[in-house]
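Below is one structure, written out as structure tokens; the observations come after it.
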Amino acid sequence: MNQKNIGQFIAEKRKEKKLTQSELAKKLGVTNRSISNWETGKCMPEYELLVPLTKELNITISELINGKEDEITNKDSNKTIEKIIHVLEFFE
């Protein structure tokens, strides 16, 4: 997992959706500084933001974590990861 690659991937996908950092931040309930920090690889999104972020960018969690598009998208795998994240949120 390479934070810099992940950040570049987030920026690329955000731009493909024609969203500014501020617009994406508003949709996710974070600051545009948070988006900037993710995109520069300074930090990663909190795990509770992974599902909303991937839905906004129309990518899978696997793609986000790998910092690139999957050649073959495994929707079942993505749903499993989403369930794990929801369980983790429960224990928070």
Side-chain angles (χ1 to χ4, degrees):
M1 188 165 83
N2 182 313
Q3 278 186 213
K4 197 158 195 89
N5 288 348
I6 292 169
Q8 290 171 346
F9 186 63
I10 292 171
E12 174 188 322
K13 291 300 176 182
R14 174 183 57 78
K15 291 172 185 175
E16 282 179 12
K17 301 280 284 180
K18 300 192 184 331
L19 292 171
T20 65
Q21 288 181 342
S22 294
E23 290 168 333
L24 180 58
K26 185 174 181 180
K27 289 175 180 267
L28 298 173
V30 298
T31 65
N32 61 328
R33 187 75 182 140
S34 293
I35 304 296
S36 176
N37 285 337
W38 301 345
E39 291 183 357
T40 58
K42 291 181 182 174
C43 65
M44 293 287 295
E46 299 292 326
Y47 69 86
E48 64 266 9
L49 292 172
L50 296 181
V51 173
L53 176 60
T54 58
K55 288 186 181 195
E56 285 298 329
L57 300 178
N58 198 31
I59 59 174
T60 66
I61 293 172
S62 174
E63 289 173 322
L64 177 65
I65 292 170
N66 291 321
K68 63 180 182 178
E69 289 184 16
D70 290 337
E71 291 178 19
I72 300 173
T73 303
N74 187 337
K75 300 285 184 188
D76 291 333
S77 173
N78 198 52
K79 288 182 191 268
T80 301
I81 294 169
E82 286 183 23
K83 288 177 185 176
I84 291 169
I85 290 171
H86 289 301
V87 169
L88 290 172
E89 288 173 347
F90 177 75
F91 289 107
E92 204 174 64

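Atoms considered below: every heavy atom in the structure, side chains included; atoms not considered: hydrogens, waters and symmetry mates. Start at 1 with the first residue, then count along the sequence.
Side chains of Ile35 and Trp38 form a contact here, defined as non-hydrogen atoms less than 4.5 Å apart. With a 4.5 Å cut-off on side-chain heavy atoms, Asn5 and Lys68 do not count as touching. The side-chain heavy atoms of Ile61 and Val51, taken from C-beta on, include a pair separated by under 4.5 Å. Counting heavy atoms from C-beta on, the side chains of Ile65 and Ser62 never come closer than 4.5 Å.
Residue Lys18 comes nearest to Glu23 through the heavy atom pair O-OE1, 3.8 Å, listed as atom of the first residue, atom of the second, then distance. Residues Leu49 and Leu28 share a closest heavy-atom pair of CD2-O, 3.7 Å. For the pair Lys27 and Leu19, the tightest heavy-atom approach, listed with the atom from each and the gap, is CE-CD2, 3.8 Å. Here the closest heavy-atom approach between residue Glu69 and residue Glu63 is recorded as CA-OE2, 3.5 Å.
The CD atom of Glu39 sits 13.5 Å away from atom CD of Gln3, with the distance rounded to the nearest 0.5 Å. For the atom pair OG (Ser34) and CD (Gln21), the distance works out to 10.0 Å, reported to the nearest 0.5 Å. One finds the CZ atom of Arg14 at 7.0 Å from the OG1 atom of Thr20 (value rounded to the nearest 0.5 Å). Distance check: Gln8 CD to Thr40 OG1 gives 10.0 Å after rounding to the nearest 0.5 Å. Separating the CD1 atom in Ile59 from the CG atom in Asn66 is a distance of 10.5 Å, to the nearest 0.5 Å.
In this structure a side-chain-to-backbone donor-acceptor pair under 3.5 Å is present from Thr54 to Leu50.
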* **Step-by-step salt bridge (Lys or Arg N to Asp or Glu O under 4.0 Å) determination, Lys13 to Glu16** => CA-CA 5 Å; Lys13 291 300 176 182; Glu16 282 179 12; 3.1 Å; yes
* Dump the intermediate steps for side-chain contact (heavy atoms from CB on, under 4.5 Å) on Leu24 and Leu53, then the final yes or no. => CA-CA 9 Å; Leu24 180 58; Leu53 176 60; 4.2 Å; yes
